[in-house]
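Okay, structure first, notes after.
Counting from 1, the numbers follow the sequence of the chain as shown. Reckoned from all heavy atoms, side chains included, excluding hydrogens, waters and symmetry mates.
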Amino acid sequence: MRLSTRAQYAVRAMVDLSLHSEGRPVSLKDIALREDIPLSYLEQLFNRLRRGSIVESVRGPGGGYLLSRESSAIRVGEIVATVEEPLTPVSCMDKGKGRCTRTAACTTHNVWEMLGERIRTFLDSITLADLVNEARGRGNGE
């Protein structure tokens, strides 16, 4: 099971934003250069993150993006959920896509359901601040 590059890039970009904002907007161009992420892709991700109320945009000269709240209040699971399709370990559990007709009789349904819940719980246990602190500890972003 793999998360898409959308999730990877979004989390990396959010760490970069948090490391470099210091209360000022950060341009997507700068994030794209530092993180080696295509600018057009970042624009799509940040549109989703803005609609998800994780970042705020600032227009005009010196504009860019800011976190909508403290990094300690933003969970990795929230970032992933905002840019990804719902995280389900098996396709038969996807909502609205030919929902599984064997749920009541399926002996493995609970396994997949618990796996998905553990993944979500794990991602929700990590904050953006945790990742920023780790990056600073490694000497990144300064």
Side-chain angles (χ1 to χ4, degrees), residues 1-59 62-142:
M1 186 159 94
R2 235 175 241 214
L3 291 173
S4 74
T5 55
R6 269 194 310 254
Q8 281 184 292
Y9 286 175
V11 173
R12 277 181 34 207
M14 290 295 293
V15 171
D16 186 279
L17 173 63
S18 189
L19 281 167
H20 294 97
S21 76
E22 299 172 357
R24 293 184 313 270
V26 176
S27 77
L28 291 185
K29 182 179 176 185
D30 290 343
I31 295 172
L33 288 171
R34 283 190 295 266
E35 293 299 322
D36 194 26
I37 300 171
L39 180 59
S40 60
Y41 202 66
L42 268 184
E43 289 169 344
Q44 293 171 28
L45 292 174
F46 272 73
N47 277 333
R48 288 181 182 207
L49 293 166
R50 185 182 47 75
R51 285 193 308 266
S53 300
I54 296 174
V55 297
E56 298 173 351
S57 63
V58 177
R59 294 188 181 270
Y65 285 87
L66 293 166
L67 299 178
S68 65
R69 54 192 183 279
E70 295 294 320
S71 61
S72 59
I74 299 172
R75 306 222 164 258
V76 171
E78 179 184 8
I79 297 167
V80 171
T82 300
V83 300
E84 275 289 355
E85 298 295 319
L87 219 115
T88 54
V90 291
S91 61
C92 65
M93 295 180 78
D94 290 347
K95 292 191 184 336
K97 291 185 181 175
R99 191 94 166 118
C100 181
T101 58
R102 295 189 35 83
T103 301
C106 181
T107 56
T108 61
H109 178 82
N110 287 342
V111 171
W112 310 131
E113 192 170 56
M114 289 187 315
L115 175 62
E117 185 54 41
R118 286 196 178 166
I119 292 168
R120 287 184 292 277
T121 298
F122 173 73
L123 292 175
D124 284 340
S125 74
I126 304 164
T127 66
L128 185 55
D130 295 332
L131 296 179
V132 167
N133 290 336
E134 184 177 331
R136 285 188 176 131
R138 291 178 180 212
N140 299 343
E142 297 299 321

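Nearest heavy atoms, Leu66 versus Pro25: CD2-N, 3.5 Å. Contact detail for Leu45 and Ala10: the closest heavy-atom pair is CD1-N, 3.9 Å. Nearest heavy atoms, Met14 versus Leu49: SD-CD1, 3.8 Å. The two residues Ser53 and Ser68 have their closest heavy-atom pair at O-OG, 2.6 Å. Between Glu78 and Ala73 the shortest heavy-atom distance is OE1-O, 4.1 Å. Across all non-hydrogen atoms, the minimal contact from Leu19 to Ala135 is CD1-CB, 4.0 Å.
A donor-acceptor contact shorter than 3.5 Å is absent between the side chain of Thr121 and the backbone of Arg118. Here the side chain of Ser27 pairs a donor or acceptor atom with the backbone of Asp30 at under 3.5 angstrom. Panel note: side chain Asn133, backbone Asp130; no donor-acceptor pair is recorded below 3.5 Å.
Ile74 pairs in a side chain to side chain contact (heavy atoms under 4.5 Å, CB included) with only one of the listed residues (Leu131, Leu67, Thr127), which is Leu67.
Crowding of Arg69 atom CZ: a count of heavy atoms from other residues, nucleotides or ligands under 6.0 Å exceeding 12. The 12-atom threshold is exceeded at CD of Glu117, counting heavy atoms of other residues, nucleotides or ligands nearer than 6.0 Å.
Atom CG of residue Leu123 and atom CZ of residue Arg75 lie 11.5 Å apart, to the nearest 0.5 angstrom. If you take CG on Leu33 and CG on Leu28, they are separated by 11.0 Å, rounding to the nearest 0.5 Å. Atoms CZ and OG1, from Phe46 and Thr82 in turn, are 12.0 Å apart once rounded to the nearest 0.5 Å. Here Ile37 contributes atom CD1 and Leu42 contributes atom CG; the two are 5.0 Å apart, rounded to the nearest 0.5 Å. For the atom pair Leu128 CG and Ile126 CD1, the distance stands at 11.0 Å (nearest 0.5 Å).
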| request: Mind running side-chain contact (heavy atoms from CB on, under 4.5 Å) on Arg12 and Val15 for me, showing each step along the way? | output: CA-CA 5 Å; Arg12 277 181 34 207; Val15 171; 5.9 Å; no
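For Arg138, the salt bridge (Lys or Arg N to Asp or Glu O under 4.0 Å) test picks out Glu134, with sequence neighbours left out. In this structure, Glu43 has no side chain to side chain donor-acceptor pair (under 3.5 Å) partners at least two apart in sequence or on a different chain. Applying the side chain to side chain donor-acceptor pair (under 3.5 Å) criterion to Ser4, with sequence neighbours excluded, gives Glu84.
Inter-residue side-chain proximity for Leu115 and Ile119 is flagged as met; some heavy-atom pair is nearer than 4.5 Å.
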